[in-house]
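What you see is a predicted model, and the numbers here were worked out from it, not measured in a lab. Proteins get letters first, then strands, A, B, ... in listed order; numbering begins at 1 in each. Computed from heavy atoms alone, side chains included, the values below leave out hydrogens, waters and symmetry copies.
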Amino acid sequence: MVHLTAEEKAAVSSLQGKVKVDVVGGEALGRLLVVYPWTQRFFDSFGDLSSPDAIMSNRKVKAHGKKVVNSLINGLKNLDNLKGAFAKLSELHCDKLHVDPENFKLLGNVLVCVLARHFGKEFTPQE
Amino acid sequence: MSLTKAERTVILSMWDKISTQADAIGTQALERLFASYPQTKTYFPHFDLHPGSAHLRMHGAKVVAALGEAVKSIDNIGGALAKLSELHAYILRVDPVNFKLLSHCLLVTVASHFPADFTADAHTAWDKFLSIVSAVLTEKYR
């Protein structure tokens, strides 16, 4: 397990306050589906994912992206017990959704790119 | 995996902008690499890796210059980077996993410098391009 230092926790918390949850979540999930199209396999019920424009403007993608980021923000409120905070979601993704853990890395990386895009210079290497 | 015509166009047009800040982008990508993935520092015991160091600026510039060569010969990246490919295989022997890490840091740096240009399509194009470059640099490993 990775552990966050006090500085890292502070950096993450300060950025979190400025994140536009609605926008960032939808953009991150959308980009995941565009940049790594094989991830679309988990979202058959989401409707039109036929082109980057369709994906980025898809209402279900935006709604689900918002859900994901809200969940991450909940994690931020429980940094000292991430395992506990995500226990139910962990079971869901493993036992019901059968998501290859590699996909979490991909989404994480895409989210970092989206944050960098939104925060520019403020998104320092430390962030 | 190869680049579509549209992807090539995106990369070429963005490269014009990127090359005007080449050194800064290269340096920052390396700073992000060493900050986020400290294990990568093991390849640079001979460098001063403090942010802003001359070593970082010099090496960052080198990395982006090499990417520029790949962009210039985007239809033959293997040919353009043949020497670098041998260097990485026989001399540097950087573990292949690190190319993904640096590629990610380059994407993050480009995203932070060019938010408007870094659309989902551009993101895809650059991710693919950097994957191709990484594959070329590791193709002679074994």
Would you mind checking which part of A:F119 comes under 4.5 Å of any heavy atom in chain B, side chain (CB onward), backbone (N, CA, C, O), both or neither?
-> neither
B:L81 and B:A66: which non-hydrogen atoms are nearest, and at how many Å?
-> CD2-O, 3.8 Å
With chain B, which of A:V110, A:T124, A:N109 has the greatest number of heavy-atom pairs at distances under 4.5 Å?
-> A:N109
Is the distance between the ring centroids of B:H55 and B:F44 less than 6.0 Å?
-> no
Between chain A and each of B:P51, B:A111, B:C105, count heavy-atom pairs under 4.5 Å; write down the option with the most.
-> B:A111
When heavy-atom pairs shorter than 4.5 Å are enumerated against chain A, which of B:H123, B:E31, B:K128, B:Q28 gives the highest number?
-> B:H123
Report the C-alpha separation of B:K83 and B:E86 in whole Å, then their side-chain angles, then the decisive distance to 0.1 Å, and conclude whether the salt bridge (Lys or Arg N to Asp or Glu O under 4.0 Å) test is met.
-> CA-CA 5 Å; B:K83 286 231 166 89; B:E86 283 175 15; over 6 Å; no
If you count heavy-atom pairs under 4.5 Å between each of B:A35, B:A125, B:S112 and chain A, which one has the most?
-> B:S112
In sequence, state the C-alpha distance, the side-chain angles, and the governing distance for A:K88 and A:E91, and then conclude on salt bridge (Lys or Arg N to Asp or Glu O under 4.0 Å).
-> CA-CA 5 Å; A:K88 284 224 168 93; A:E91 281 173 24; over 6 Å; no
So does B:K17 have more than 12 non-hydrogen atoms from other groups sitting under 6.0 Å from NZ?
-> no
